[in-house]
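Per chain, numbering begins at 1; letters A, B, ... match sequence-line order.
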Protein chains: 2
Amino acid sequence: MEKIQPIIWDGERLLLLDQRALPLNEIYISCSSAEEVGECIRRMAVRGAPAIGVAAAFAMVLAARQIAPSLEKDEAFLDKLAETGTILKNIRPTAVNLSWGTDQILVKAKSLLGMSPGELLEHLENTALNIYHDDISVNKQIGEYGAALIPSPCSILTHCNAGALATAGYGTALGVIRSAFFSGKDIHVFADETRPFLQGSRLTAWELQKEGIPVTLIVDSAAGYFLSTGQIDCVIVGADRIAANGDVANKIGTYTLAVLAEKHNVPFYVAAPVSTFDLSAAAGGSIVVENRSEAEVTHLQEVAIAPPGIRAQNPSFDITPAQLIRAIITENGVIVNPNQLNISRTLAYER
Amino acid sequence: MEKIQPIIWDGERLLLLDQRALPLNEIYISCSSAEEVGECIRRMAVRGAPAIGVAAAFAMVLAARQIAPSLEKDEAFLDKLAETGTILKNIRPTAVNLSWGTDQILVKAKSLLGMSPGELLEHLENTALNIYHDDISVNKQIGEYGAALIPSPCSILTHCNAGALATAGYGTALGVIRSAFFSGKDIHVFADETRPFLQGSRLTAWELQKEGIPVTLIVDSAAGYFLSTGQIDCVIVGADRIAANGDVANKIGTYTLAVLAEKHNVPFYVAAPVSTFDLSAAAGGSIVVENRSEAEVTHLQEVAIAPPGIRAQNPSFDITPAQLIRAIITENGVIVNPNQLNISRTLAYER
């Protein structure tokens, strides 16, 4: 069993490790309906692109169970399920995995029409469980490919949390770090705290500490200092959505790290499953950036840290152009100097 | 009278506006000794390079008053006073103004030896008062020179607090913004929150709100997003120490903004009085960067935001190379593309 289990399906309910309570408290929220899972995604009790994709798949299973008994017509069942899907997808617009996880269940349901409700629901549950288990094995494959890029010793800067907590388990960027560390490499991680939600100080620091991987916490704006003083050998981050040309939407602050890495000629890597690619977005410019509430900036854990009435802006993501990315590490292989051609080739590859 | 008075000398005591309590509470700390002023500098109740220079000058006056009556010999008086000066200077090693303010009083005391203690103390008090009033008029001159560089409309990004609160009044970077705004220009300020101490959200946002200057608060790592989306026309910051070649030590995160400004071809300005130059430092590499406590990163206003036992690093400043600076705005004039030659020429200029 994995050390960190952010998502547990017990056959009836989805248990989500409340990431807002970490690192001081480990509390699971029990969800019995798609609405409850949706609320956890909205309030970021569960966050991280792959994790919300997996949670959304189980939310759709819960919705299907709720809808199925009361409807006789297949089309009405599908319509109702698609309605729930649309609501879920709109909760957080930037991470493509949310749409992806939702659609996996919808497509499966469509393919199973005509089955008895009992059989259909069992198949949908199995699809969600497959998504869950696949996510972990995909991450381990990303970890293996990525670890090969990491020298020893290596001082790695990461941003936000692209770890076990952001996925079904193991992690993407932190999966690479885990693989490198447990293969015996001498790894030191610098973790950006990642304001405003503090995924770095609360989640990445906690996760790495739990694994015994050496980690130093810094404020986001100190990354330039550590890069300019030669203390960082590479940067690895996750992704929320990757356009067809390799432009990457990821947590606010990612773009700045890519610019700094370019300035200091340090490799900048993105680790993400192929489900993160959105080929309908030709380039980063067509990716919608979610703006979250001003209160996340003006308050910290409900304590006001700015004068009352002050305006704030809180874009939750930024776009890093492909030109700044040395490689995207996927479960299908490493895409060096990503562009439309090598991306489409890698996505077409069957594992 | 200025709207914001961070430092008040009442003839007996130095009253310091406690900047840790802002923006929610306006509380003055009353200091009757150099030690008390030193504690305020150490704990950042008073902060900002010019402000701690002024506070240190008054701390030396308080020390002189304490020492003078008990000593008969002039040399012993000077030795004791120099001892206090050394203690003060070591409290915060990066800001040169702390040394500068301290030394102004020491040099004056040396020049007055032989006078009666009463006369000497009165002269020292007047020297400190001159430093105080000079600081405000210097800032206004910087503001006037700087405002000429600002177009209208202009969206300005600033970092930390180089405002009235960081000086005796008016401010350096915010002095330029004040001058531009009150000369009728259409100004909008983006203020970085400036972790870990939140000078942006607590102080700059408060100061600009008080003046009615439009301001939007953002997290530090969002600066890249706003620059890359064309929403920033220029960047203005203050300085804690400037080397002979124009390299600038300023609040952690400044270097990153300079790199981003270069990437997006947006002018990056530094506003600072000539007292900020340290010609004994040939380049930025010889400036000592203060490391502050890990708790500033792992905690926010005494609330833990990271797992217990986690390591952190907290460099309080970084170095921005002169090549990234479009101009340094001083009270002696604007130094465009700063280098050793045009800096030494500007410093030699007598106002």
Side-chain angles (χ1 to χ4, degrees), chain A residues 22-24 159 190-196 198 200-202 205-206 209-210 214-226 228-229 251-260 262-263 289 294 296-298 300-301 303-315 317-319 321, chain B residues 22-24 159 190-196 198 200-202 205-206 209-210 214-226 228-229 251-260 262-263 289 294 296-298 300-301 303-315 317-319 321:
Chain A
L22 290 173
L24 302 180
H159 190 66
F190 282 86
D192 277 354
E193 65 172 4
T194 318
R195 277 282 290 153
L198 297 171
S201 46
R202 297 191 304 102
W206 178 80
Q209 194 185 42
K210 213 153 170 139
V215 55
T216 299
L217 185 63
I218 60 173
V219 298
D220 300 317
S221 77
Y225 173 83
F226 287 99
S228 71
T229 51
K251 181 55 53 200
I252 191 76
T254 301
Y255 168 67
T256 294
L257 297 186
V259 171
L260 287 167
E262 178 191 43
K263 177 89 182 166
V289 169
E294 298 183 31
E296 286 186 358
V297 179
T298 57
L300 202 136
Q301 301 184 341
V303 179
I305 53 174
I310 203 79
R311 293 300 312 271
Q313 279 199 49
N314 186 17
F317 301 94
D318 57 26
I319 309 292
Chain B
L22 289 174
L24 302 181
H159 189 66
F190 283 85
D192 277 354
E193 67 173 5
T194 319
R195 278 279 291 150
L198 297 170
S201 47
R202 297 190 304 103
W206 177 81
Q209 194 185 43
K210 211 153 174 144
V215 56
T216 299
L217 185 63
I218 60 173
V219 298
D220 301 315
S221 77
Y225 172 83
F226 289 98
S228 69
T229 52
K251 180 55 52 198
I252 191 77
T254 301
Y255 168 68
T256 293
L257 297 185
V259 170
L260 286 166
E262 178 192 45
K263 177 90 182 165
V289 169
E294 298 183 31
E296 286 186 359
V297 179
T298 57
L300 203 135
Q301 300 184 342
V303 179
I305 53 174
I310 203 78
R311 294 299 313 268
Q313 281 198 47
N314 187 17
F317 302 93
D318 58 27
I319 309 294

**Message:** So which residue, B:Ala304, B:Ala306, B:Ala191, B:Pro307, ends up with the most heavy-atom pairs under 4.5 Å with chain A?
**Reply:** B:Pro307
**Request:** Look at A:Gly224, A:Ala222, A:Ser201, A:Gly253 and state which one has the largest set of heavy-atom pairs under 4.5 Å with chain B.
**Result:** A:Ser201
**Under 4.5 Å from a heavy atom of chain A, the part of B:Pro23 involved** = side chain
**Asked** So which of A:Arg311, A:His159, A:Arg202, A:Gln313 has the largest heavy-atom pair count under 4.5 angstrom toward chain B?
**Response** A:Gln313
**Request:** For A:Ser221 and B:Asp220, work out which heavy atoms get closest and say how close.
**Result:** CB-CB, 4.1 Å
**Request:** Give, as side chain, backbone, both or neither, the part of B:Phe317 having an atom under 4.5 angstrom from any heavy atom of chain A.
**Result:** backbone
**Structural part of B:Pro321 lying under 4.5 Å from a heavy atom of chain A** = neither
**Request:** Indicate yes or no for a side-chain donor-acceptor contact from A:Gln209 to the backbone of B:Pro308 under 3.5 Å, with no hydrogens or angles considered.
**Result:** yes
**Message:** Does any backbone or side-chain atom of A:Ile305 lie under 4.5 Å from a heavy atom of chain B? Answer side chain, backbone, both or neither.
**Reply:** both
**Heavy-atom proximity to chain A below 4.5 Å, by part of B:Asp318** = both
**Asked** Heavy-atom distance under 4.5 Å to chain A: side chain of B:Leu24, backbone, both or neither?
**Response** side chain
**chain A contact via B:Pro315 - side chain, backbone, both or neither, heavy atoms under 4.5 Å** = side chain
**Prompt:** Considering only heavy atoms, which portion of B:Leu198 lies under 4.5 Å from any heavy atom of chain A: side chain, backbone, both, or neither?
**Reply:** side chain
**Prompt:** Can you say whether B:Val303 sits under 4.5 Å from chain A via the side chain, the backbone, both, or neither, judging by heavy atoms?
**Reply:** side chain
**Message:** What part of B:Leu300 gets within 4.5 angstrom of chain A, counting heavy atoms only: side chain, backbone, both, or neither?
**Reply:** side chain
**Request:** Determine, step by step, whether B:Ile218 and A:Val297 satisfy the side-chain contact (heavy atoms from CB on, under 4.5 Å) criterion, reporting the C-alpha distance in whole Å, the side-chain angles of both residues, the deciding distance to 0.1 Å, and the verdict.
**Result:** CA-CA 7 Å; B:Ile218 60 173; A:Val297 179; 5.9 Å; no
**Request:** Under the ring-ring contact (aromatic ring centres under 6.0 Å, His included) rule, collect the residues that match up with B:Tyr225, sequence neighbours excluded.
**Result:** none
**Complete:** Honestly, the part of B:Glu294 sitting under 4.5 Å from a heavy atom of chain A is neither
